[in-house]
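A short worksheet on the structure shown next.
What's counted below: heavy atoms across the whole structure, side chains too, no hydrogens, waters or symmetry copies.
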Amino acid sequence: MKKRIFTFMIMAAALSVTACQQEKEETPNIALEQQAETPKENTETTETKENIEQNTTKEPVSLEERAFMEFEAQDLSGETVNQDVFKDKKLTMVNIWGTFCGPCIEEMPYLGELNKEYQDKGFQIVGVVADGIDQEMNIDPTQVEKAKGMVEQTGADYLHILPTKDLIEKKLIYTQVIPETIFVDSTGQQIGDPVVGSNDKAGWSKIIDEKLAEIQ
């Protein structure tokens, strides 16, 4: 796993502007194994037939889709944040970007505007600075300052968090191209498939409206 994480960091540093816009290849999710309980004799309580059917038909949620359901990281100001950042919003757009990625930077002004325009609809945007750490997975102060400057220049003044080993292992190691955007509910669980590549304001507005309609 350490080798894979190191490989992710090398790939992130080597990505060019054009690579940011390439289509993402399909990457298999790591599905959680469903565990069947072994029947026990003389138990005081038993599951109803309805509960058993629900447990056996519910599809497992992948590790990647649960990445933001339980985490702890730092934002660009050095403050500690966790999954509680999602709890007061029906829908959060998590935008994974990098300071080296031209298309990422180009769409950030639109995202800053949308974050303000949709705030009364139970929606917010959270950024993840993919290259905010070094190869030892420590926060890189130089990259943090660079990211701060880009946030200020683009007006994308919503919350931006820095990767941790946990987030890399659960999510970022599967992120082959940036920008990549996922949507999560109030618990941090991913909704639908990731959106790979950048969009203009109208394109993102359409996607956001569709996602909000899905969770009504």
Report task. Start with the C-alpha distance between K165 and E136, add both sets of side-chain angles, then the distance that settles salt bridge (charged side-chain N to carboxylate O under 4.0 Å, His left out), and finish with yes or no. Result -> CA-CA 10 Å; K165 179 181 177 182; E136 299 299 322; over 6 Å; no

Query raised in the report: Can you name the nearest heavy-atom pair linking I178 to C101, along with the distance?
Result: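 Reported closest heavy-atom pair: O-SG, 3.6 Å.
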
Query raised in the report: What is the minimum heavy-atom distance between G188 and V184, and which atoms define it?
Result: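 Taking G188 first and V184 second, the nearest heavy atoms are O-CG1, 3.5 Å.
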
Query raised in the report: Regarding K121 and the six-membered ring of Y118, is the cationic atom NZ or CZ under 6.0 Å from the ring centre and inside 45° of its axis?
Result: yes

Query - Presence of salt bridge, E70 and K170, under 4.0 angstrom - result: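 So K170 does not pair with E70 through a salt bridge.
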
Report task. Inspect the contact between K146 and D140 and indicate whether a charged nitrogen and a carboxylate oxygen are less than 4.0 angstrom apart. Result -> no

Query raised in the report: Which residues satisfy the side-chain hydrogen bond (donor to acceptor under 3.5 Å, both in side chains) test with N199, sequence neighbours excluded?
Result: none

**Report entry** Distance-only polar pair, side chains of W204 and E107, donor-acceptor under 3.5 Å
**Finding:** yes

Report task. Starting from the C-alpha separation in whole Å, work towards a yes-or-no answer on side chain to side chain donor-acceptor pair (under 3.5 Å) for D88 and Q124. Result -> CA-CA 10 Å; D88 294 328; Q124 67 177 346; over 6 Å; no

Query raised in the report: From F86 CZ over to D185 CG, what is the distance, rounded to the nearest 0.5 angstrom?
Result: 9.5 Å

Report summary line: Residues at least two apart in sequence or cross-chain that pass side-chain contact (heavy atoms from CB on, under 4.5 Å) with K87, listed by chain then number, are D84

Query raised in the report: Does the side chain to side chain contact (heavy atoms under 4.5 Å, CB included) test come out yes or no for F183 and I208, once each step is laid out?
Result: CA-CA 9 Å; F183 290 86; I208 292 168; 4.2 Å; yes

**Report entry** Check against salt bridge (charged side-chain N to carboxylate O under 4.0 Å, His left out), E152 and K148
**Finding:** CA-CA 6 Å; E152 183 176 356; K148 285 181 178 180; over 6 Å; no

